[in-house]
Amino acid sequence: MGKTLSFPNYRPRRLRRTAALRRLIAETTLSPSRLVAPIFVSATAKRRQEIKAMPGQYRLSVAEAAAEAKSLRQLGIGAVLLFGLPLRKDPEGTGAYAPAGVIQQAVRAVKKSAPDMVVITDVCLCEYTSHGHCGILRGAEVDNDATLPVLAQTAVSHARAGADIVAPSAMMDGQVAAIRRALNQEGLPHTAVMSYSVKYASGLYGPFREAVESSPKTGDRRGYQMDPPNADEALRETALDIEEGADIIMVKPASAYLDIVKAVKEKFSWPTAVYQVSGEYSLIKAAALKGWIDEERVAMELAMGMRRAGADLIITYYAKELAGWLSKRRS
């Protein structure tokens, strides 16, 4: 090996000379089918409302969300991930599992508009609680075990509406087991679970919290989301979720945690998603709007890095644009 990989016998530039050669030997590929587009669905929106901190992203009505999902499917995008803004919020987050809740309505509408679009629903309480935490609050603490049946009830309501995959993001211990057990008991064993297995307490979630009005009124989420310095803990969290029945595991955010994506994929060889979160999206958008970067090139480069690290699926607010750019490059 050492003798064959020496100059001038080996010239790596030979296969970099043209775009056609580079495409021919590309080790990592990106396609729209690997992309998941988040959609914000609002129960109060009469028309699309732009999210100031996320240029190009909107809160949509149920009807608009269904139309958007159809458009995304026509671009070849693999799935949508639905987040809801309810009519009203309360301390217990009851809007999360209401049979006629905004997400339940949106799932039915999307499935009618784009029957072959994979529909994933976020299963958490932060969008529905008046205090903004991801679980049931008891005093100053989120009560882990009291939250589990509510998450399970929410997941079942989404599955009954037609969700293909439910995605618990609350980072409660035992949430996957509780949801998997409830789905099975309710005759919904074919509904898949994509767990936010490794969700860090990141500063990159700010624009999302504006989008769904979910900033905690008191305290923060560091007591249940992971601490950024920890890597071994990520492997333990993933192992627990797989044991509890997760069909897909996720690392969130993306760019600062590609080492975690790689470690998780190499250790478990499990279907792995990565979430390029709102702050990552907004940072690129802001720099692009200033003319400081080539938006297409940077967004494509980062997405390719996620794939190269081991991500099978990329959840990104750039899904629609990435699909368009990929189509342009193929033509």
Side-chain angles (χ1 to χ4, degrees), residues 38 40-45 49 51-54 57 59 81-98 101-103 121-155 157-158 166-176 178-179 195-230 233-234 237 240-241 250-253 256-257 275 277-283:
F40 299 108
V41 192
S42 171
T44 60
Q49 304 167 341
I51 301 162
K52 290 183 180 179
M54 300 176 68
Q57 298 298 309
R59 300 184 191 96
L81 173 57
L82 303 181
F83 295 94
L85 288 86
L87 280 171
R88 62 188 62 84
K89 304 188 180 196
D90 58 48
E92 306 299 312
T94 58
Y97 52 84
V102 63
I103 287 299
T121 57
D122 180 71
V123 177
C124 192
L125 300 187
C126 65
E127 299 130 80
Y128 304 93
T129 54
S130 52
H131 48 71
H133 278 284
C134 298
I136 303 300
L137 208 58
R138 299 288 184 253
E141 294 282 336
V142 171
D143 188 326
N144 188 99
D145 293 4
T147 301
L148 295 181
V150 183
L151 295 175
Q153 187 176 2
T154 300
S157 74
H158 293 178
V166 292
S169 63
M171 286 298 285
M172 297 295 116
D173 295 343
Q175 64 183 11
V176 173
I179 288 170
S195 179
Y196 289 62
S197 302
V198 184
K199 181 179 179 181
Y200 284 93
S202 172
L204 291 164
Y205 301 148
F208 175 92
R209 291 175 183 175
E210 177 190 315
V212 297
E213 302 167 349
S214 66
S215 294
K217 298 295 188 293
T218 59
D220 56 39
R221 295 173 181 155
R222 297 183 188 186
Y224 42 99
Q225 294 177 357
M226 276 188 54
D227 201 21
N230 295 354
E233 183 183 0
E237 284 274 14
L240 279 169
D241 282 1
M250 185 204 298
V251 176
K252 176 185 181 183
Y257 299 95
Y275 197 150
V277 300
S278 59
E280 296 174 87
Y281 170 85
S282 295
L283 286 169

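This is a predicted model, so every value here is computed, not measured.
Listed here is the closest heavy atom pair of Y224 and A170: CD1-O, 3.5 Å. Contact detail for L148 and G174: the closest heavy-atom pair is CD2-C, 3.8 Å. The two atoms that bring E210 and K52 nearest to each other are OE2-N, 3.3 Å, heavy atoms only. The shortest heavy-atom contact between A43 and V102 is N-CG2, 3.7 Å. Of all the heavy atoms in R209 and S215, the pair that sits closest is CB-OG, 3.5 Å. In terms of heavy-atom proximity, C126 sits nearest to K89 at O-NZ, 4.3 Å.
Rounding to the nearest 0.5 Å places OG1 of T129 at 4.0 Å from NE2 of H131. The structure places SG of C134 at 6.0 Å from CE of M172, a figure rounded to the nearest 0.5 Å. To the nearest 0.5 Å, atom CD of residue E92 and atom CG of residue L137 are 9.5 Å apart. Atom-to-atom distance recorded for D227:CG and S202:OG is 11.5 Å, nearest 0.5 angstrom. Distance check, rounded to the nearest 0.5 Å: CZ of R221 to NZ of K199 gives 6.5 Å. In this structure, the separation between CD on Q153 and NE2 on H158 is 10.5 Å, given to the nearest 0.5 Å.
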With side-chain contact (heavy atoms from CB on, under 4.5 Å) as the test, would you mind laying out the steps for I136 and V150 before giving the verdict?
CA-CA 9 Å; I136 303 300; V150 183; 4.2 Å; yes
Note to self: As a quick check of understanding, evaluate side-chain contact (heavy atoms from CB on, under 4.5 Å) for L125 and L151, giving each step before the final call.
What the structure shows: CA-CA 8 Å; L125 300 187; L151 295 175; 4.2 Å; yes
Practice item. Report the C-alpha separation of Y275 and L81 in whole Å, then their side-chain angles, then the decisive distance to 0.1 Å, and conclude whether the side-chain contact (heavy atoms from CB on, under 4.5 Å) test is met. Key: CA-CA 11 Å; Y275 197 150; L81 173 57; 4.0 Å; yes
I would like to know whether Y257 and M226 meet side-chain contact (heavy atoms from CB on, under 4.5 Å); could you show each step before the answer? CA-CA 12 Å; Y257 299 95; M226 276 188 54; over 6 Å; no
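When the shell of 6.0 Å around CD of E141 is examined, it contains 12 or fewer heavy atoms from other residues, nucleotides or ligands. With a 6.0 Å radius and a threshold of 12 heavy atoms from other residues, nucleotides or ligands, R138 has its CZ atom above the threshold.
Side-chain atoms of D220 come within 3.5 Å of backbone atoms of R222 as a donor-acceptor pair (strictly under, hydrogens ignored). Of the possible donor and acceptor atoms, none in the side chain of N230 sits under 3.5 Å from a partner among the backbone N and O of E233. A donor-acceptor pair is defined here as one N or O able to donate and one able to accept, closer than 3.5 Å; such a pair exists between the side chain of S282 and the backbone of A53. Formation of a donor-acceptor pair under 3.5 Å by the Y200 side chain with backbone atoms of A256 is not found in this model. A distance-only check finds a donor-acceptor pair linking the side chain of E127 to the backbone of G84 [under 3.5 Å].
Using a 4.5 Å cut-off on side-chain heavy atoms (C-beta onward), V142 and T147 make contact.
Considering E237, M250, Q175 as possible partners of S195, the one that fulfils the side-chain contact (heavy atoms from CB on, under 4.5 Å) test is Q175.
In terms of the side-chain hydrogen bond (donor to acceptor under 3.5 Å, both in side chains) criterion, residue partners of Y196 (sequence neighbours excluded) are, by chain and number, D122.
Cation-pi contact between K252 and Y205: present, with separation from the ring centre below 6.0 Å and deviation from the ring axis of at most 45°.
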